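Letters go in sequence order (proteins before strands), and every chain restarts at 1. Keep in mind it's a predicted model, so treat the numbers as computed, not measured.
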Amino acid sequence: MKYWLFKSEPDAFSIDDLASMPRKTDHWDGVRNYQARNFMRDEMKKGDQGFFYHSNCAEPAIVGIVEISREAYPDRTALDPKSNYYDSKSDPDNPRWFMVDVKLVRRLKRAIPFRELKEYSQLEDFPLVRRGNRLSVMPVTASQWKFILKKE
DNA sequence: GCCAACGTTGGC
DNA sequence: GCCAACGTTGGC
């Protein structure tokens with residue numbers, strides 16, 4: 001089993017939004033970065049767990065834990081001209097973008113701020129805190145996962 | 001296949 | 001709102 005981190009701007013989709021969905025489950029659409037797509041399409045398995053991270057907001061932080069409840073399938077928003085995530089070059093017969101379903105497992109007992117994550121030497125290889133990192137979906141190692149959970 | 005220009009991300 | 005860092009685009 002692998003571990004992941006999912007970034008979302010809370011103004012667009014927050015952990016509260018996920019919590020309010022039926023079965024606390026939603027599809028993680030709109031990923032339009034090839035590296036992040038490859039993680040979702042090729043490596044995520046049902047039952048993998050991930051952190052839910054709030055970005056681009058007053059206090060960027062890890063706020064919860066999700067679980068992959070459905071493995072990758074085509075992201076239809078790429079084919080919908082009305083969607084913000086529409087990609088005119090995506091071909092229905094050869095989908096370019098994928099999404100997975102995630103289910104909220106629980107919120108963390110406390111949000112762990114980005115500011116704090118940066119300070120731990122144990123996390124210096126954690127992609128989230130690497131300078132200039134822009135991946136919206138990224139892998140978390142088992143040791144990073146455990147370390148972070150001990151800090152909640 | 002190079003690389004400058006551009007748009008986006010995201011912490012601050 | 002700023003701006004550094006990055007991925008993508010497209011002319012050549």
Please list, pair by pair, any protein nitrogen or oxygen found under 3.5 Å from a nitrogen or oxygen in nucleotides 1-4 of chain B.
none

(request) For A/Arg130 and C/dG7, give me the distance from atom CZ to atom P, rounded to whole Å. (result) 14 Å
(request) Taking the side chain as every heavy atom from C-beta outward, state whether A/Lys46 and A/Arg70 have any atom pair closer than 4.5 Å. (result) no
(message) Whether A/Glu67 and A/Lys24 form a salt bridge (side-chain N of Lys/Arg under 4.0 Å from carboxylate O of Asp/Glu) is what I want to check.
(response) no
(request) Take atom NE2 of A/His54 and atom P of B/dG10, then tell me their distance rounded to the nearest Å. (result) 13 Å
(request) Identify whether the distance between the nearest side-chain nitrogen and carboxylate oxygen of A/Arg32 and A/Asp75 falls below 4.0 Å. (result) yes
(message) Can you list, in residue-number order, the parts of residues 121-128 of chain A that come under 4.0 Å of DNA chain B, counting heavy atoms only?
(response) none
(request) Would you please confirm or rule out a distance under 4.0 Å between OP1 or OP2 of B/dG11 and any side-chain N or O of A/Tyr53? (result) yes
(request) Would you kindly give the CZ-to-C1' distance between A/Phe114 and B/dT9, to the nearest whole Å? (result) 12 Å
(message) Taking A/Glu124 first and then A/Arg130, would you say they form a salt bridge - that is, a charged N and a carboxylate O separated by under 4.0 Å?
(response) no
(request) Return the residues of residues 2-18 of chain A meeting this criterion: a heavy atom under 4.0 Å from some atom of DNA chain B. Order them by number, or give none. (result) A/Lys7
(message) Between the side chains of A/Glu152 and A/Arg106, is the shortest nitrogen-to-carboxylate-oxygen separation below 4.0 Å, so that they form an ion pair?
(response) yes
(request) Measure the distance from CG on A/Asp87 to C1' on C/dT9 and round it to the nearest whole Å. (result) 13 Å
(message) Please tell me whether A/Phe51 and A/Trp4 form a close aromatic pair, meaning their ring centres lie under 6.0 Å apart.
(response) no
(request) Report the distance from atom OH of A/Tyr34 to atom C1' of C/dT8, rounded to the nearest whole Å. (result) 9 Å
(request) Assess A/Arg37 against A/Phe39: is NZ or CZ under 6.0 Å from the centre of the six-membered ring, and within 45 degrees of the ring's axis? (result) no
(request) Mind listing the closest non-hydrogen atom pair of A/Met138 and A/Leu128 along with its distance? (result) SD-N, 3.3 Å
(request) Taking the six-membered ring for Trp and the full ring for Phe, Tyr or His, determine whether the centres of A/Trp28 and A/Phe52 are under 6.0 Å apart. (result) yes
(message) Using a strict threshold of under 4.0 Å (side-chain N to carboxylate O), is an ion pair present between A/Glu116 and A/Lys151?
(response) no
(request) Using whole Å, report how far CG of A/Asn133 lies from P of B/dG11. (result) 10 Å
(request) Compute the ring centroids of A/Tyr34 and A/Trp97, then answer whether they are less than 6.0 Å apart. (result) yes
(request) May I have the distance from A/Arg32 (atom CZ) to B/dT9 (atom C1'), rounded to whole angstrom? (result) 16 Å
(message) Please report the distance, rounded to the nearest Å, between CG in A/Leu117 and C1' in B/dG11.
(response) 13 Å
(message) Quick check on DNA chain C: between A/Gly132 and A/Asn56, whose nearest nucleotide comes earlier from the 5' end?
(response) A/Asn56
